[in-house]
Enquirer: 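What follows is a structure written as structure tokens; I'll ask about it next.
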Amino acid sequence: MDRTLCTLASAMGLLLLVPSVRAADWITVRNSVEVNAPVDTVWRRIGGYCAISEWMKVSCSYTGGHGELGTVRSLMNGSTDEVMVAQTRHSYTYWQNKGNMAPAMFHGTLFAEPDGASITMLSYTLVYDQDELPAARRDFEHKRLQARFRDLLGVMKQLSEAK
């Protein structure tokens with residue numbers, strides 16, 4: 001019995017040495033736009049992993065892969081790296097592992113869904129842990145991302161609907 005108490009006391013003492021883990025505060029930013037074009041047409045126009053260079057007006061090159069799952073794209077002359085972590089016929093999800101939002105475990109998903117034969121719902125969803133950002137920057141980043149990706153969907157809509 002004394003040995004059990006000593007073991008329990010030792011275990012409790014070790015727990016005091018373990019740093020506390022705090023819960024993440026995940027933020028989701030969602031934007032969508034209706035595009036007057038079939039989903040395959042839309043995705044062919046804006047869905048390539050480096051098509052971002054046209055609709056976001058940034059440099060993009062592959063530093064690993066060729067646009068498939070696992071591809072790493074380098075944006076803005078290497079200041080940002082994003083790894084494609086999921087992909088479907090009309091979507092991809094990436095994780096930013098280098099860049100402004102990398103400390104916040106920033107992920108983005110671009111996806112296109114048919115809404116009938118000639119309409120596409122184009123959506124961009126962002127997820128990040130705002131606890132990893134300085135408190136003074138949290139509200140600013142949320143508003144910036146909401147507006148930026150809403151505007152980018154507008155650009156993608158224009159590109160997809162152009163004849």
Side-chain angles (χ1 to χ4, degrees), residues 21-133 137-163:
V21 177
R22 69 187 160 135
D25 186 6
W26 294 102
I27 299 298
T28 303
V29 177
R30 293 181 182 97
N31 283 298
S32 294
V33 67
E34 187 176 281
V35 180
N36 295 310
V39 69
D40 288 331
T41 301
V42 171
W43 198 251
R44 230 180 351 266
R45 183 67 177 95
I46 57 89
Y49 198 44
C50 258
I52 190 173
S53 64
E54 184 176 12
W55 45 263
M56 191 180 253
K57 305 288 187 227
V58 297
S59 64
C60 181
S61 62
Y62 295 145
T63 58
H66 304 283
E68 73 283 350
L69 187 63
T71 294
V72 179
R73 68 181 176 192
S74 179
L75 305 175
M76 298 175 282
N77 299 314
S79 67
T80 299
D81 285 345
E82 296 175 340
V83 181
M84 186 189 300
V85 296
Q87 182 179 39
T88 69
R89 185 171 172 208
H90 297 120
S91 75
Y92 61 76
T93 298
Y94 60 89
W95 163 56
Q96 187 179 100
N97 64 340
K98 175 184 170 189
N100 182 43
M101 293 294 289
M105 296 177 274
F106 181 85
H107 290 70
T109 299
L110 175 62
F111 60 99
E113 298 177 302
D115 187 12
S118 61
I119 302 291
T120 298
M121 284 305 297
L122 189 58
S123 300
Y124 216 120
T125 302
L126 308 171
V127 178
Y128 62 95
D129 177 8
Q130 79 167 357
D131 273 351
E132 296 302 321
L133 301 174
R137 190 172 140 204
R138 292 176 188 169
D139 188 50
F140 168 80
E141 283 301 335
H142 184 264
K143 288 176 182 173
R144 179 186 74 82
L145 292 168
Q146 184 75 48
R148 176 78 167 133
F149 284 84
R150 180 195 60 235
D151 293 348
L152 289 172
L153 282 171
V155 172
M156 289 183 254
K157 175 182 172 67
Q158 289 176 347
L159 290 171
S160 297
E161 293 176 347
K163 301 289 181 199

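Since the structure is predicted, the reported quantities are computational estimates derived from the model, not experimental observations.
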Enquirer: May I have the step-by-step check of side chain to side chain contact (heavy atoms under 4.5 Å, CB included) for His142 and Val29, ending in yes or no?
Expert: CA-CA 7 Å; His142 184 264; Val29 177; 3.7 Å; yes

Enquirer: Checking Ser118 now: which residues fulfil side chain to side chain contact (heavy atoms under 4.5 Å, CB included) with it, not counting sequence neighbours?
Expert: none

Enquirer: Mind checking the CD1-CG spacing from Ile46 to Leu159? Nearest 0.5 Å is all I need.
Expert: 8.5 Å

Enquirer: For the pair Lys98 and Thr80, evaluate side chain to side chain contact (heavy atoms under 4.5 Å, CB included) and give the outcome as yes or no after the intermediate values.
Expert: CA-CA 5 Å; Lys98 175 184 170 189; Thr80 299; over 6 Å; no

Enquirer: Please list all pairs passing the disulfide bond (SG atoms under 2.5 Å apart) test where one or both residues lie in residues 85-126, with sequence neighbours left out.
Expert: none

Enquirer: To the closest 0.5 Å, what do you measure between OG (Ser74) and CD (Glu82)?
Expert: 9.5 Å

Enquirer: Would you find a donor on one side and an acceptor on the other, under 3.5 Å apart, between the side chain of Thr120 and the backbone of Pro114?
Expert: no

Enquirer: According to salt bridge (Lys or Arg N to Asp or Glu O under 4.0 Å), who are the partners of Asp115, at least two apart in sequence or on a separate chain?
Expert: none

Enquirer: What residues form a salt bridge (Lys or Arg N to Asp or Glu O under 4.0 Å) with Arg144, not counting sequence neighbours?
Expert: Glu141

Enquirer: Using salt bridge (Lys or Arg N to Asp or Glu O under 4.0 Å) as the criterion, list what pairs up with Asp151, not counting sequence neighbours.
Expert: none

Enquirer: Can you tell me how far OG1 of Thr28 sits from OH of Tyr128, rounded to the nearest 0.5 angstrom?
Expert: 9.0 Å

Enquirer: Please list all pairs meeting side chain to side chain donor-acceptor pair (under 3.5 Å) that have one or both residues in residues 33-48, counting only residues at least two apart or in different chains.
Expert: Asn36-Glu161, Asp40-Arg89, Asp40-His90, Arg45-Glu54

Enquirer: Looking at CD1 of Ile119 and CD of Glu113, how far apart are the two atoms once the value is rounded to the nearest 0.5 Å?
Expert: 14.0 Å

Enquirer: Enumerate the disulfide bond (SG atoms under 2.5 Å apart) contacts for residues 67-112, please, sequence neighbours excluded, ordered by first and then second residue.
Expert: none

Enquirer: Flag the pair Val83 / Thr71 as yes when at least one side-chain heavy-atom distance between them is below 4.5 Å, and no otherwise.
Expert: no

Enquirer: With Asn31 as reference, evaluate Arg150, Arg148, Gln146 under the side-chain hydrogen bond (donor to acceptor under 3.5 Å, both in side chains) test and give the passing residue.
Expert: Gln146

Enquirer: With sequence neighbours excluded, give me every disulfide bond (SG atoms under 2.5 Å apart) pair touching residues 64-118.
Expert: none

Enquirer: Tell me whether the guanidinium CZ or amine NZ of Arg73 lies under 6.0 angstrom from the six-membered ring centre of Tyr49 and within 45° of its axis.
Expert: yes

Enquirer: If you measure from CG on Leu133 to CZ on Arg138, what distance do you get to the nearest 0.5 Å?
Expert: 7.0 Å

Enquirer: Looking at residues at least two apart in the chain, or sitting in another chain, which of them share a side chain to side chain contact (heavy atoms under 4.5 Å, CB included) with Val33?
Expert: Val35, Leu122, Leu153, Lys157

Enquirer: Sequence neighbours excluded, which residues qualify as ring pair (Phe, Tyr, Trp, His ring centres under 6.0 Å) partners of Tyr94?
Expert: none

Enquirer: Before giving the answer on side chain to side chain contact (heavy atoms under 4.5 Å, CB included), spell out for Trp26 and Val127 the whole-Å C-alpha distance, their side-chain angles and the decisive distance to 0.1 Å.
Expert: CA-CA 7 Å; Trp26 294 102; Val127 178; 3.7 Å; yes

Enquirer: Please list every donor-acceptor pair under 3.5 Å in which a side-chain atom of residues 100-111 meets a protein atom from a residue at least two apart or in another chain.
Expert:
{"from": "Asn100", "atom 1": "OD1", "to": "Arg137", "atom 2": "NH2", "distance (Å)": "3.1"}
{"from": "His107", "atom 1": "ND1", "to": "Met105", "atom 2": "O", "distance (Å)": "2.7"}
{"from": "Thr109", "atom 1": "OG1", "to": "Thr93", "atom 2": "OG1", "distance (Å)": "2.7"}

Enquirer: Would you mind listing every disulfide bond (SG atoms under 2.5 Å apart) that reaches into residues 27-97, with sequence neighbours excluded?
Expert: Cys50-Cys60

Enquirer: To the nearest 0.5 Å, tell me how far Ser160 OG sits from Met156 CE.
Expert: 8.5 Å

